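Right, one structure below, let's go through it.
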Amino acid sequence: ERGEIGWAGEGAGPDFFVYLGDRPATHWGTGHTVWGKVTDEWSLRVADAIVNGPSHTPGGEGTMRFLKDFMYFDVVESERPPPPSSSS
């Protein structure tokens, strides 16, 4: 599901990721562990901007992309939003 944060441990990794696809990632095997989720739209837009920045694929087309430049950021704890209300 879009926004899932996980670990891909099947390769030489480990590789951490934020999934930004439009459909469920049914192609993941048992080597992927999802342990969190980006839930707010603003943060997902930031992740989209990072993915759409300058990058390269040293392994060739269809392989993992790497950012061309270092990106510096801070991780901060924020207040957790209330859970969505159920409609009855």
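Computed from a prediction, not measured in an experiment: that's the story for all the values here.
The side chain to side chain contact (heavy atoms under 4.5 Å, CB included) search around Val38 returns Ile5, Val18, Ser43, Leu44, not counting sequence neighbours. Looking at residues two or more places apart in sequence or on another chain, you find a side chain to side chain contact (heavy atoms under 4.5 Å, CB included) between Pro58 and His56, Phe66. Partners of Thr33 by side-chain hydrogen bond (donor to acceptor under 3.5 Å, both in side chains), not counting sequence neighbours: none found. Not counting sequence neighbours, Glu41 has no partner by the salt bridge (Lys or Arg N to Asp or Glu O under 4.0 Å) test.
Within the structure, no pair that satisfies the salt bridge (charged side-chain N to carboxylate O under 4.0 Å, His left out) test touches residues 20-33, not counting sequence neighbours. Residue pairs meeting the salt bridge (charged side-chain N to carboxylate O under 4.0 Å, His left out) criterion with at least one member in residues 44-57, sequence neighbours excluded: Arg2-Asp48.
Minimum heavy-atom separation, Phe17 to Trp7: CE2-N, 3.4 Å.
Interatomic distance, OH of Tyr19 versus NE2 of His32, reported as 10.5 Å (0.5 Å rounding).
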